[in-house]
Structure formats: C-alpha cells, structure tokens
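Order of appearance sets the numbers: ligands from 1, and atoms from 1 within every ligand. Values below: all heavy atoms of this structure, side chains included; hydrogens, waters and symmetry mates excluded.
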Amino acid sequence: MDEEMNNIKTRIIRIDPISPEENKIKEVSEVIKKGGLVAFPTETVYGLGANCYDEDAILRIFRVKGRPPDNPLIVHISNLDMLREVSEEIPELAYRIANVAWPGPITVVMKKSKRVPYAVTGSLDTVAVRMPAHPVALKLIDKSEVPIAAPSANLSGKPSPTNAMHVITDLFNKIDTIIDSGETFFGVESTIIDVTRDVPILLRPGPFTVEELQEKIGIKVEIPKVARGISEAEKALAPGMKYRHYAPKAKMVLVTGNCIEEIVTKAITISRRERVKSIVLSTDETLEYYVQEKVAAISLGTRKNLYSIAKNLYSKLRECDEKEVELIICESFEERGIGLAIMNRLRKASGGKIV
Ligand code: TXA
Ligand code: MG
C-alpha cells in the first residue's frame, strides 16, 4: 500500500472483542499482508500494527506517529513458533515467562534474529516480543501469518489509546484500518523485562506486576530508577524512556504525601493558588472533599482497586485536553502492584513536576 499520507481513507471496522467474527478478521489480515497499517485492540492499549518483516510498512508506522526512529517497536506473536522466528537465542527464562504469563501483558526483550529488520528494533540487536491476550489481536496475528510489529496507536508523546475513539482522534485518515472493539482491559501498556542479562531488569512496569514475577515465576527483577519514572535513561535501556510520554497538552503536577488527607489538602491549595483553569484527578474516596471545597475534580477510580485507576487513566488525561484544562493536579498512589506502573506513567506525564 503506497498511498500518500494525505489521501488515505481509513476504514473503521467493528469487531466483537469476545468472539471476533472470522470474516472480518480475515479481511483485516489481508490489509496486514498487503503492507497496510491496522490499529487493533490488545488487552493493554490499542496498537498500530504492520507485518514485522515489511520494512516499508514499518517505516510508515514511524512516520504517521511522528516517532523517533531509535525508539523500537514491540513484536506481537500468536504462538511460540513465531517467537523462534524473531529470536535466535531464547533464554530459558524467556520460556518460563512465556509459559506462565503468555498470552498476557508482559513483553520480553531478547536477542533478535536476522529476519527482524533493524527498522523494527531501532537498530538494536535485541527485539521486544509479546503474545497479547486479546482475542482480536491473537486471531489477527494468526490469520496474518506473520508477527505484527506495533507501538501504541497514538501520536508520539500523547497518552496511549484505550478505545477506538482515541485512535480515531490521533490517526484517522493516516492509516488503513481501525478496528473498534470497545475499551481495552488494563488501560496501561505491558510490563517490559529484559532477559538478555544475568539479572533480569524491569524496563517498564505494567499490568504483570513485579510481585507476580516473583510469586508466579520466581523471578526477582531489578527495578532501575527509570522504571519508576524517576530519572531519564542514561544509556537508553528501553530507548522509549528518554522521551516525554503519556503527556496531555495541559501542564500536570503530581501531588504526593504521607496520607490521603495531606495529598487532598495540598491539591486544594495548588488549585486555589494557580490562577488557571485546573482540574484535580482524584479518586472515589477523595472526590467529595474537593466538591465540598468547590474545587473542580473528577475521579480516576477507586483506591480499593488500583486496576480501576489504570484502566481510566489515559481517557481521563485525554478528557482534560478536550476540556482545555491548563493545569492537571493529580493525586499519587502507592507503588505496589499495578501502582508501580501508574506512578511511572504519572511521573512521566507530569514531566517530573512533583510536589
Ligand atoms: O502494551 C503494550 O506494550 C502496547 C501494546 C500495543 O502491545 N505497546 C506499546 O508499544 O506500548 P510502545 O511502542 O508504545 O512501547 C514500546 C516500548 C518502548 O518504550 C520501547 O523503547 C521499548 O518498548 N522497546 C522496544 N524494543 C525494545 C528493545 N529491543 N529493547 C529495549 N526496549 C525496547
Ligand atoms: Mg507508546
């Protein structure tokens, strides 16, 4: 598909997320086979996919997203034969992760095979691979008969898309097909773990938590500062980490504290002090305090289940942009379980503005 970027007509196709219609999957797989770009749902966020062996299609992904060429893509597979195609040296640890966690929201970095173009890996000799748990993603890869390389289906720097509307906002008439299968399940991107070293290292926290890695697979990972979102990657471990990310248009400040009361009090003070249109991203447990104080606030979900916060996070950031909010004041969370991934994204979205 060699359409120029400015006269592409995007086709939007609804596919059932639980029982994907065979004929529709087949039709979309033809787009992949012909070198087209397809936005598809995964259990984490929507991906922007292309045949991972088609270098032209891969380069087009970078162009439409405005993505720096040294920020590599994740290769999505639907079976372990595909894993053996894209990696020549699969460590035993990678198989252990695959056995327990795949299909699922964890990406494993290992040595790439010759078949994988350097365009996919941002010139690295390693490749990031995952088997997604979403029925539509799995069926699409299967029918396409090739691994699908895909970054998140947003414009570079923006929050990742968790529903088809987000993809449409960013990429309509820039790509060939957008699959609409409703909301994604987790709402934040996959965990990334590098198994090419003696000690596995966490490159990005995600829905498959470090606690689960320890308890279910017996892996104790190293958590570098970049994985918390505290510092920039010096030697780009996961090259994507050095770029500003997940960022709404509005400025954002992340409010920390020793207890909820302290966080709420600080957030209210900031909202009163800053004379711009601001909104507090609160929680079900704290929303009423802001309402009482006549401070604009919306809830991200409940602190009793941080997965609810993860699931809503990116839509709420996008909502703030739609409302043309100038300052987002966001509560912080405990870095346990999925909380580690939430705080990583919030630190990055706030560009380090933490009080
Ligand atoms: O959940 C997800 O992972 C979603 C869905 C679509 O699968 N994908 C996603 O892709 O979040 P993306 O491109 O937005 O993030 C991929 C991250 C980047 O930070 C990139 O630097 C890192 O993976 N990465 C890819 N290949 C790598 C490699 N060989 N070594 C280290 N990091 C790598
Ligand atoms: Mg991304």
Could you tell me whether [X] approaches ligand 1 through its side chain, its backbone, both or neither, with non-hydrogen atoms closer than 4.0 Å?
X      : value
Lys112 : neither
Arg67  : side chain
Asn71  : side chain
Ile192 : side chain

| request: Using the six-membered ring wherever Trp is involved, compare the ring planes of His76 and Phe40 and label them parallel, tilted or perpendicular (cut-offs 30° and 60°). | output: perpendicular
Self-check item: Enclosure of Arg14 CZ (heavy-atom neighbours >12, cutoff 6.0 Å)
Solution: yes
Using a 4.0 Å cut-off to any heavy atom of [X], which atoms of ligand 1 qualify?
X      : result
Thr44  : 1 (O), 2 (C), 4 (C), 5 (C)
Leu124 : 28 (C), 29 (N), 30 (N)
Gly47  : 6 (C)
Pro151 : 10 (O), 12 (P), 13 (O)
Thr126 : 28 (C), 29 (N), 30 (N)
His76  : 5 (C), 6 (C), 7 (O)
Leu73  : 25 (C), 26 (N)

Practice task
Verify the distance test for Ser156 against the Mg ion (ligand 2): any N/O/S atom under 2.8 Å, yes or no.
Solution key: no
Inset, instruction - Identify whether NZ of Lys or CZ of Arg in Lys112 sits under 6.0 Å from the centre of the six-membered ring of Tyr118 and within 45° of that ring's axis. - result: yes
Check: Do side-chain atoms of Thr191 reach the backbone of Phe208 as a donor and acceptor pair under 3.5 angstrom?
Finding: yes
Checklist line | Short N or O distance, Thr42 and ligand 1, threshold 3.5 Å exclusive | finding: no
Practice task
Using distance alone, decide if ligand 1 has a nitrogen or oxygen within less than 3.5 Å of any nitrogen or oxygen in Thr107.
Solution key: no
Requested in this report: Answer with yes or no whether Arg130 contacts ligand 1, where contact means a heavy atom under 4.0 Å from a ligand atom.
Outcome: yes
